[in-house]
Amino acid sequence: DVAKAFQMLLAQPALSDLEQLEAGVGLGIAYQNQQLYEDAELAFQEVLSWYREMKRYGAFNDQGFVAEAAFRLGQISAERFDLIVLAFPQEILEKSLELKCAFLLQAQDRYLKALRYGDIKTAALVGLGIGDMYEKLHEMVVELKAPQELNAEQKAVYEEVVEERVRVLVKKALYVY
C-alpha cells in the first residue's frame with residue numbers, strides 16, 4: 001500500500017529536509033486518495049509543522065511541497081463539500097446547507113493560506129478551486145426544486161427568495177474567478 005511505503009520512507013533517519021517534506025506530502029496524498037481525510041489532514045499539517053521548524057533553524061526556501069500541503073488541506077475541505085447533498089425536507093436541507101457552507105468557508109480559508117507560500121502554480125489553482133465551489137453551490141441551490149407541498153403562490157415566493165440569495169453567490173464566484 002502506498003501510505004505504508006511513505007510511512008517506511010519517513011522512518012528513515014537519513015532523509016534530507018526536502019525529502020522529508022516530499023514524503024510527508026506523498027503520505028498525505030495517499031490518504032487523501034483513499035478518502036481518509038483525517039489521516040491526510042494530519043500528514044499535511046505535519047508537513048507545515050516541519051517546514052516552520054526548518055525555517056526556524058535555517059534558511060529553507062523550497063516552498064513547493066509546503067504550498068502543495070497547504071493547498072491539499074483546502075482540497076480536502078472541498079471534497080467534503082462535494083459529499084454533502086442538498087435535499088428536502090426543510091430540517092435536513094437547513095443542516096446540509098449549513099454544513100456545506102462551513103466546508104466552503106473552511107476550504108476558502110485553507111486555500112488562501114496556501115497562497116502565503118508564494119508558489120505560482122498553487123496561486124492559480126487557489127482561485128479556480130474557490131470559484132469552482134461557489135459555482136457548484138450556486139448550481140445546487142438553483143436546481144433544488146421547491147417542495148411538492150407548496151401551492152403555486154408559495155412556490156413563486158420560494159423561487160424569488162432562492163434567486164435573491166443566489167445572486168450573492170454569483171457575485172462571490174465572479175469575484176474569485
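Hydrogens, waters and symmetry mates play no part in the numbers below; they use all other heavy atoms, side chains included.
Criterion: ILVMFWY side-chain heavy atoms under 4.5 Å apart, direct or through other members. Under it, Ile76 and Leu83 are part of a common hydrophobic cluster. Leu42 and Phe71 are assigned to two separate hydrophobic clusters, defined by single-linkage of ILVMFWY side chains at heavy-atom distances under 4.5 Å. Hydrophobic clustering (ILVMFWY, side-chain heavy atoms < 4.5 Å, transitive): Leu97 and Ile92 are in distinct clusters.
To the nearest 0.5 angstrom, Arg110 atom CZ is 10.5 Å from Phe44 atom CZ. With rounding to the nearest 0.5 Å, the separation of NZ in Lys100 from CG in Leu93 is 11.5 Å. Rounded to the nearest 0.5 Å, atoms NZ (Lys113) and CG (Leu73) are 9.5 Å apart. To the nearest 0.5 Å, atom CG of residue Leu21 and atom OH of residue Tyr51 are 9.0 Å apart. Atom CG of Leu105 is separated from atom CZ of Phe103 by 11.5 Å, given to the nearest 0.5 angstrom. The distance from the CG atom of Leu27 to the CD atom of Glu46 is 8.5 Å, given to the nearest 0.5 Å.
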Discussion item. Using the rule given for salt bridge (charged side-chain N to carboxylate O under 4.0 Å, His left out), can you reason through Lys136 versus Glu79, listing the C-alpha separation, both sets of side-chain angles and the distance that settles it, and then say yes or no?
Written reply: CA-CA 12 Å; Lys136 285 178 182 177; Glu79 289 172 18; over 6 Å; no
Item to complete: Begin with the C-alpha distance, continue with both residues' side-chain angles, and end with the deciding distance and a verdict on salt bridge (charged side-chain N to carboxylate O under 4.0 Å, His left out) for Arg72 and Glu68.
Response: CA-CA 6 Å; Arg72 284 185 173 271; Glu68 183 167 0; 3.0 Å; yes
Practice prompt. Could you please spell out the steps behind the side-chain contact (heavy atoms from CB on, under 4.5 Å) verdict for Asp39 and Gln34?
Written response: CA-CA 10 Å; Asp39 293 332; Gln34 296 174 48; over 6 Å; no
Worksheet item: Do Phe88 and Leu144 pass the side-chain contact (heavy atoms from CB on, under 4.5 Å) test, and can you show the C-alpha distance, the side-chain angles, and the key distance before you say yes or no?
Response: CA-CA 9 Å; Phe88 287 100; Leu144 196 61; 3.9 Å; yes
Worksheet item: Do Gln7 and Lys4 pass the side-chain contact (heavy atoms from CB on, under 4.5 Å) test, and can you show the C-alpha distance, the side-chain angles, and the key distance before you say yes or no?
Response: CA-CA 5 Å; Gln7 287 170 341; Lys4 286 195 190 308; 4.0 Å; yes
Discussion item. Run the side-chain contact (heavy atoms from CB on, under 4.5 Å) test on Glu135 and His138 for me, step by step, so that the C-alpha distance in whole Å, both residues' side-chain angles and the decisive distance to 0.1 Å come before the verdict.
Written reply: CA-CA 5 Å; Glu135 188 176 325; His138 168 264; 5.6 Å; no
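In terms of heavy atoms, Val141 sits closest to Leu86 at CG2-CD1, 4.1 Å. Taking all atoms of both residues into account, the shortest heavy-atom contact from Gly64 to Asp119 is CA-OD1, 4.2 Å. Between Ala14 and Glu19, the shortest heavy-atom distance links the atoms O-OE1, 4.1 Å. In this structure, Val47 and Ala69 approach most closely via the heavy-atom pair CG1-CB, 3.8 Å. The minimum heavy-atom distance linking Thr122 with Ala114 is given by the pair CG2-CB, 3.9 Å. When all heavy atoms are compared, the tightest approach of Gly24 to Ala43 is O-CB, 4.1 Å.
Side chains of Glu38 and Tyr31: a donor-acceptor N/O pair is absent below 3.5 angstrom, by distance only.
The pair Glu98-Lys95 does not count as a salt bridge, with every side-chain nitrogen at least 4.0 angstrom from each carboxylate oxygen.
Annotation: side chain of Asp132 is not in contact with side chain of Phe81 (no heavy-atom distance under 4.5 Å). Contact annotation: the side chain of Lys55 never approaches that of Arg52 to less than 4.5 Å [non-hydrogen atoms, C-beta and beyond].
Counting non-hydrogen atoms of other residues, nucleotides and ligands closer than 6.0 Å to NZ of Lys121 gives a total of 12 or fewer. In the displayed structure, Gln148 atom CD is contacted under 6.0 Å by at most 12 heavy atoms of other residues, nucleotides or ligands.
Not counting sequence neighbours, Phe65 has no partner by the ring pair (Phe, Tyr, Trp, His ring centres under 6.0 Å) test.
In terms of modelled atom types and a separation under 3.5 Å, the side chain of Gln154 and the main chain of Asn151 share a donor-acceptor contact.
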